[in-house]
2 protein chains.
Amino acid sequence: MSEGPKFKRVVVVGLGLLGGSVALALKRRKLARRVVGLGRDRGRLRPALDAGLVDEISVKAEGAAGADLIVLCGPFQQFERQLKALAPVAPEGCLVTDVGSVKGPLVARWHQAAGPLRFVASHPMAGGEKTGWRNARADMFEGAACLITPLTGTRRDAVLAIGRFWQALGAQVSLTSPQDHDRLIGRVSHLPHAAAFALAAAEAADGRIVDFAWAGKGWRDTTRVAASDEALWADIFLHHPKALQQGLRNLERESARLRALLQAGRPRPLRAFLRKASKFRRAAGEQEP
Amino acid sequence: MSEGPKFKRVVVVGLGLLGGSVALALKRRKLARRVVGLGRDRGRLRPALDAGLVDEISVKAEGAAGADLIVLCGPFQQFERQLKALAPVAPEGCLVTDVGSVKGPLVARWHQAAGPLRFVASHPMAGGEKTGWRNARADMFEGAACLITPLTGTRRDAVLAIGRFWQALGAQVSLTSPQDHDRLIGRVSHLPHAAAFALAAAEAADGRIVDFAWAGKGWRDTTRVAASDEALWADIFLHHPKALQQGLRNLERESARLRALLQAGRPRPLRAFLRKASKFRRAAGEQEP
């Protein structure tokens, strides 16, 4: 493990699960002299300060004065507004990145809003269905994949610096375009989340009472992410509704195929269907970090 | 933790993931003086003996001579045949149970086949997508739910003894009828497995190449059980095709509902849909062991 970059003053905007984990990881690894938690509600920031998660809290953009790194960890719809507010306050050339799970055309707008700050969009693939900084973990980004999505005009020194920042938190960093990012994440994250929500919704709609104390790995794993924050996921899903609709149509088609095989009742073609799925899942599993 | 029952000679029929774990747990907890691995292929049993998983191996029903407990851990379709072969060999009154994930009308046939042996059907909710005794774990049944499904005529002393056996391995034991067991398991296990297979099949059918090194928790959790053994699951699915077909139809209906909400593009009703699913999943999660 290399020493990693040293920051003087890191501002974490939005102290939720990911923001809290960034703060915790920075402190635990001694990568920042001072970590500032920036939010809208002092009453909600205060306990994080008291808990030692951050060294300072602020409810104003002015908290970013003197910063050399800003990490946007709130809802991605607020990034543009936040960047416009931070741009006149933070030092020119201050590094800025985010943890947003959608990119695409938004990245160009974020760059514009960031003005003279050195903005580089990124997406560490981490999180969990439990929200809030109280569930934050210093090892949240260890071994996690992190996609950095620069534009062609993004400053190379900034891209490298943000890459080193995530690497210092333990992430495996790669570069891709904002468009390729969204195509990829639509399949490996948005569709499975939507499928889990649909399965949980199917159970919720079933009037018969079931004691889920009996649930095994099948139910627990397959629906786990359906416990995620609905407001966050509604926003993510609506960012790319077309791709997700296609994914769900594919799921319905395969489910109908499976039903037809059950109806036919012959083991051999059913096994062949399951084998294809199983082989694919195992091969994908071998690629996982 | 109580001392648990002591067995003189336990015969584990079928040394796979679950059979291996039963053997390992018995030895680790010193609950059996001798554990016998019974299977069809000496060449495949031999390494388990060499590894110390069992004290003895046998490819003949005669291996059950002198047993005071037999645990059937192979495919459930073989139970009837196996019980018929074991009944004349094992001592009268020898306890017999199984780990099969389907019950229903089969239980009565197993009782009949077991003749003078004291058979009690059970289903410990444990396992994993990795098969074979090499993946066995001594703590496989710790904290796992275990359903025991006696018939009205099943001897009470045998039910209690089998209950104590699973409790000694760490499981949480409850009683239910074979029919209620199948209704319950159809929802908390078979449907989620089928949904995971359908989702993995949808990805497998998608021609576009995706690097699953980027997959996060969403994909990993939601499809994890799709890596399970396809022959086992084809058999399980075909045991109750009607209930599973209805479950898959429900999944397709909710997926189509989610698509319609994406099409409409309004955050509020989409959030309401996701919230219902999310609330249900969280509440179910609180019931989990």
Side-chain angles (χ1 to χ4, degrees), chain A residues 125 145 184 187-189 192-204 210 212-219 221-227 230-231 233-234 237-238 241 244-245 248 250-252 254-255 258-259 262 265 267 270-271 274-278 280-282 284-285 287-289, chain B residues 125 145 184 187-189 192-204 210 212-219 221-227 230-231 233-234 237-238 241 244-245 248 250-252 254-255 258-259 262 265 267 270-271 274-278 280-282 284-285 287-289:
Chain A
M125 253 137 277
L184 176 63
R187 282 186 60 190
V188 304
S189 169
H193 273 82
F197 276 112
L199 181 57
E203 282 294 350
V210 151
F212 279 95
W214 299 117
K217 256 173 84 75
W219 158 263
D221 284 355
T222 310
T223 58
R224 192 183 318 275
V225 294
E230 67 263 12
W233 282 95
F237 288 168
L238 285 176
L244 186 52
Q245 283 174 69
L248 288 170
N250 294 347
L251 170 65
E252 291 161 37
E254 296 304 319
S255 172
L258 181 48
R259 276 197 293 115
L262 292 168
L270 175 59
R271 250 181 254 142
L274 299 180
R275 188 180 308 121
K276 214 175 112 181
S278 179
F280 184 83
R281 178 59 180 83
R282 281 192 212 120
Q287 288 178 52
E288 285 162 9
Chain B
M125 253 139 278
L184 177 64
R187 281 184 61 189
V188 305
S189 169
H193 272 83
F197 275 114
L199 180 57
E203 282 293 351
V210 152
F212 279 95
W214 299 116
K217 256 173 84 75
W219 159 262
D221 284 354
T222 312
T223 57
R224 192 183 319 275
V225 294
E230 67 263 11
W233 283 95
F237 289 167
L238 284 176
L244 186 53
Q245 282 173 72
L248 287 171
N250 295 346
L251 169 65
E252 291 162 37
E254 297 303 319
S255 172
L258 181 49
R259 275 196 296 113
L262 292 169
L270 176 58
R271 252 181 254 141
L274 300 180
R275 188 179 309 122
K276 213 175 113 182
S278 179
F280 184 83
R281 177 59 180 85
R282 282 193 211 119
Q287 289 179 49
E288 286 162 6

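In this text, all values refer to a predicted model and were calculated from it rather than measured experimentally. Each chain gets a letter, A, B and so on, in the order the sequences are listed, and its residues count up from 1.
In plain terms, the two heavy atoms of R271(B) and A234(A) that are nearest each other are CG-CB, 3.6 Å. When every heavy atom of L251(A) is checked against every heavy atom of S255(B), the shortest pair comes out as CD2-OG, 4.5 Å. Taking all atoms of both residues into account, the shortest heavy-atom contact from L274(A) to W233(B) is CD1-C, 4.0 Å.
Residues P192(B) and T223(A) are not in side-chain contact: their nearest non-hydrogen atoms beyond the backbone lie 4.5 Å or more apart.
Across L199(A), L244(A), L262(A), N250(A), the residue that shares the most heavy-atom pairs under 4.5 angstrom with chain B is L262(A). Interface remark: of the candidates G218(A), P267(A), P241(A), G218(A) forms the most heavy-atom pairs closer than 4.5 Å to chain B. Heavy-atom pairs under 4.5 Å with chain B peak, among E252(A), M125(A), K276(A), E254(A), at E252(A).
Remark: A226(A) engages A196(A), F197(A), A200(A), R281(B) in a side-chain contact (heavy atoms from CB on, under 4.5 Å) (not counting sequence neighbours).
A donor-acceptor pair under 3.5 Å links the side-chain atoms of R282(B) to the main chain of A227(A), judged by distance alone.
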(request) Please assess D221(B) against T222(A) for the test side chain to side chain contact (heavy atoms under 4.5 Å, CB included), listing each intermediate value before the final yes or no. (result) CA-CA 6 Å; D221(B) 284 354; T222(A) 310; over 6 Å; no
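Looking at V225(A), the atoms closer than 4.5 Å to chain B (heavy atoms on both sides) all sit in the side chain, from C-beta outward.
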